[in-house]
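All ligand and atom numbering here is 1-based and tracks the order in the structure. These numbers were taken from a predicted model, which means no experiment stands behind them.
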Amino acid sequence: MAHEEQQELIAAVEGDVARLMDEHRERRKDWYFHEFVPWEQGRSYIDEPWDESQASVRPEVRTALVLNLLTEDNLPYYHLAIADRMPKGSAYDRWNHLWTAEEAQHAIALRSYLLTSRNCDPHELEDDRMATMEVGYDSPYDDPVALFVYTSAQELATRISHRNAGTLTDDEVAYKVMARIAADENHHYLFYKGVTQAMLDLAPSVVLEPLHRVLSTFEMPGIGIPEFGKRAMEMAKIGIYNLRIHHDKIVEPLLRDWGIADLTDLTPEGRILQEKILELPKQILRGARIFERRYGVATA
Ligand SMILES: [Fe+2]
Ligand SMILES: [Fe+2]
């Protein structure tokens, strides 16, 4: 892999990173998780141990909230993935610190909601957090451009997943917590998408290889979470995050916004990659149809 070319590109768009970070700061409003948590519902788990009958949210949606929380819990490893690949003291490094600080509130807010509302088994949640963080997370992509493409898609997918999970709780408090977290993810998505755009503007042929590699192998970063496959399947069946959503709400909008179909000035290899990338939505949709037939999942 031509990592040297990628390093040059990373250096060339550092000014855009600083600009996008300024735009992010202007866009984002500070928020405070303590204003969203239903503290009045909180009671001692010693005097009144958890029992499933106390939960108000249906089990599959609770599974989604817990899976989303455990994914947020792995934040130290996401920070490390960027810190490892980006120059120290650069605008990338400054962004990584700001982004990490914002991300940290997500697990705090969601855990506080779940524990006060008794919508998860607190003992199991802590065991799962320990198991998740002991495994950690290692990005499958070594190159910096791939990391930006991946994080663009991952932030957007997380925004959709948090938002849908909140909606399906039928609980106004949970809805507000998840909508607020999803708004942060949306701002993060805009940042990562913008950096990737700046790279595409400057050197499309350098970006298309990692872009194809990432979008053709994309997986949410939950692999070390206990029973990840089973939990992700539950979420897919109730329409929180699945292949059709991945196609409609993540891959198609990204390819459209990045203007992949309209790219000109490509090297011969770049043109081949462009075609391969434009084939990806169809392939994802085929997978979605197979899944829906097999599991009888209704589509919107
Ligand atoms: Fe987050
Ligand atoms: Fe985020």
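With a cut-off of 2.8 Å, the Fe ion (ligand 1) has an N, O or S atom of Glu103 in range. Here Glu102 fails the criterion, with no N, O or S atom under 2.8 Å of the Fe ion (ligand 2). For the Fe ion (ligand 1), the set of nearby N, O or S atoms under 2.8 Å includes one belonging to Glu72.
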Given Glu102 and His187, is the side-chain hydrogen bond (donor to acceptor under 3.5 Å, both in side chains) satisfied, shown in steps?
CA-CA 11 Å; Glu102 292 179 8; His187 293 159; over 6 Å; no

May I have the step-by-step check of side chain to side chain contact (heavy atoms under 4.5 Å, CB included) for Tyr32 and Asp30, ending in yes or no?
CA-CA 7 Å; Tyr32 299 87; Asp30 287 342; 3.8 Å; yes

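Residues Trp99 and Phe191 keep their aromatic ring centres 6.0 Å or farther apart.
With respect to the Fe ion (ligand 1), His106 has ND1 as its nearest N, O or S atom. Closest approach between the Fe ion (ligand 1) and any N/O/S atom of Glu185 involves OE2.
Distance alone, capped at 3.5 Å, is enough to place a donor-acceptor pair between the Ser205 side chain and the Thr267 backbone.
Between the OE1 atom of Glu155 and the ND1 atom of His188, the angle centred on the Fe ion (ligand 2) amounts to 110° when rounded to 10°.
Between Phe218 and His246, the ring planes are parallel. Angles under 30° get that label, and only those over 60° would be called perpendicular.
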